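Here the structure is a predicted model, which means the values were calculated and not measured. Convention: sequence-line order gives letters A, B, ...; per-chain numbering from 1. Atom set for the values below is all heavy atoms of this structure, side chains included, hydrogens, waters and symmetry mates excluded.
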Amino acid sequence: VPAVLVAEDDPDVRDLVVFKLEQVGYQVVAVRDGPAALSAAQVGQPDLVVLDVSMPGMSGLDVCRLLRADPATAALRIMMLTARAQERDVEGGFAAGADDYLVKPFSPRELTSRVQALLARAR
Amino acid sequence: MTVAATWTFSVLLSVCLLVAVLIVVTRTARLLRSARRTRLAAAPRRALLALAADGYQSGEMDGLVALPPRYWRAVAPVAIAMLSKVRGDGLAALAAVFERRGEIARELRALRARGAVRRARAAEVLGGVRCAAAVPGLIALLHDRRAEVRLVAVRALGRIGDPAAAQPLLDCLARAEATPANLVTQALVELGAGAGPALVAALDHAEARVRLAALSAMRLAGTVSAEARVAAALADDPSIEVRVAAAALLGRLGTGSAAAPLLAATDPAQPATVRAEACRALGELGATAAVAPLLDLLDDPAYPVAHGAASALAALGEAGRAGIRQASRRRSAAGAHAREALALAALAP
């Protein structure tokens, strides 16, 4: 079963994403801040990370950059899930190393489609 | 210590103790209330998550519709917050719960409530469920005496996305108690292509603030509804700020025909800020026909113009870069601008 790490400080969004991904059969671990996301990704080696951008401790963009810089986690699939919808925000997300960028408000069904596509590409 | 002093000390001590007890009691009551609300909300919250995730059973929706008021009051803040976080079928399912519980009819009435908090909450909920019937009431709230209510109404109109709100939103920027332009601009963007005619018409508005918001909304939406009208604003708008915004918009989203008005805007008779932005816009537009005039502008006495010309040339591919490579050998201000632009281009990913 593919493992997904969800890093999101908003409890409603976090629980919603976890609910949806578990519903379609993924093993999901959720954390609420940047440092916890970094450590969970390095220790747990999930197949995919869903990262919020604005999180306490460390931004999702910084977590993404650090994961890309570490050879052990450089190949992880990373999706940004954020309310930052401006063109330059999206550019910034991809520049930090994200594989995909989804803007809130989001469709949970679209989220799972994108997660499935990213994991399929990884295989 | 005198009797009077002892008495005063005792009174003060009693008051302090009383205040301390009151604080403890209030905080404890608040904690208990919050814990009770969390307990009451736990089960309905799971059903709400299932609805928002578009993975619910019909019984879960029926359960939320039939939820007793005290449970609904506990979970309503989560339901309202969720409305702004999801879209698609999940949002439609949440909106259906509000509709079937009679909440939408209640909130429509509450748009005219006496309390500002109640009016703002009604606007928030109706915007969240994308209630088209609320648009006239929300437009009326754009004139509300309380700024907080006006802000929520602006956001709600953007979420609903009815282009009929475009003109009232633009008009509210022109009033004395103006709403923040960035919020109005964001709402205008959310109205989509249907707002295009109102945005173009707004370029003739008497208030520069309105014309500027219209140009910003076009830029953020990624569409230029009337390139010729934007070019006219670049040429003769009385506000320099508007002309700068028009140049930026043409550079970002214009077609090949935008090159001519942008080149005209680099004329020395124009203000330096407009000329500099026109130079940058020519680079962003990819107007390779502008390479020769931009090379001439490297010698312009106005620093921002020469600097903008060098940046534009660096963005114009090999034709532009060949020109600034040659100019970079010159021992002049033009050479310095050219060297800086080349260095920055080399740093770009």
Side-chain angles (χ1 to χ4, degrees), chain A residues 4 6-26 28 30 32 50 52-55 61 64-65 68-69 80-98 101-116, chain B residues 38 41-42 44-57 60 75-95 127-130 155 158-161 182 185-187 189-190 216-223 248-249 252-253 284 347-349:
Chain A
V4 180
V6 176
E8 168 68 62
D9 62 334
D10 179 331
D12 294 333
V13 175
R14 187 173 63 239
D15 291 350
L16 174 63
V17 173
V18 170
F19 178 93
K20 189 65 187 173
L21 294 177
E22 284 182 344
Q23 192 186 40
V24 291
Y26 296 117
V28 186
R32 62 185 67 186
V50 179
D52 182 18
V53 169
S54 306
M55 288 190 291
L61 293 176
C64 187
R65 283 190 203 100
R68 289 289 181 240
M80 308 307 298
L81 176 62
T82 170
R84 296 187 181 192
Q86 301 273 323
E87 204 172 40
R88 73 173 81 98
D89 298 323
V90 180
E91 278 175 7
F94 284 113
Y101 196 100
L102 186 58
V103 173
K104 299 173 194 164
F106 66 103
S107 154
R109 201 182 284 178
E110 184 182 338
L111 170 81
T112 48
S113 297
R114 286 172 182 250
V115 165
Q116 281 162 351
Chain B
T38 306
R45 185 174 180 272
R46 275 193 293 278
L48 269 179
L49 287 176
L51 247 69
D54 188 26
Y56 64 98
Q57 315 288 324
E60 283 170 319
V75 82
V78 179
I80 295 169
M82 208 62 93
L83 292 171
S84 63
K85 289 164 189 168
V86 292
R87 58 182 177 80
D89 293 341
L91 175 62
L94 289 173
V129 298
R130 279 58 168 173
R155 212 168 46 213
R159 282 185 185 153
I160 295 170
N182 59 338
T185 304
Q186 185 55 42
V189 172
E190 289 179 80
S216 301
M218 288 183 200
R219 184 172 54 79
L220 289 170
T223 55
L249 175 61
R252 198 68 182 269
L253 303 164
E284 192 161 14
L347 285 175

Is it the backbone or the side chain of Ala81(B) that comes under 4.5 Å from a heavy atom of chain A, or both, or neither?
-> side chain
Please say whether more than 12 non-hydrogen atoms of neighbouring residues, nucleotides or ligands are located less than 6.0 Å from CZ in Arg87(B).
-> yes
Calculate, to the nearest 0.5 Å, the distance between atoms CZ and CG belonging to Arg46(B) and Asp15(A) respectively.
-> 10.5 Å
Which atoms of Phe106(A) come close to chain B, meaning under 4.5 Å heavy atom to heavy atom: side chain ones, backbone ones, both, or neither?
-> both
Quick one: closest heavy-atom pair of Leu16(A) and Val86(B), and the distance?
-> CD2-CG1, 3.2 Å
State whether the side chain of Lys85(B) and the backbone N or O of Val13(A) hold a donor-acceptor pair below 3.5 Å, judged by distance alone.
-> no
Side chain to side chain donor-acceptor pair (under 3.5 Å) against Arg109(A), all qualifying residues, sequence neighbours excluded | Asp54(B), Asp89(B)
What heavy-atom pair brings Pro105(A) and Ser84(B) nearest, and what distance separates the two atoms?
-> CB-O, 3.6 Å
Return each pair, listed once, that meets salt bridge (Lys or Arg N to Asp or Glu O under 4.0 Å) where at least one residue sits in residues 81-90 of chain A; pairs must be two or more places apart or across chains.
-> Glu87(A)-Arg252(B)
Counting only heavy atoms closer than 4.5 Å, note whether Leu83(B) contacts chain A via side chain, backbone, both or neither.
-> neither
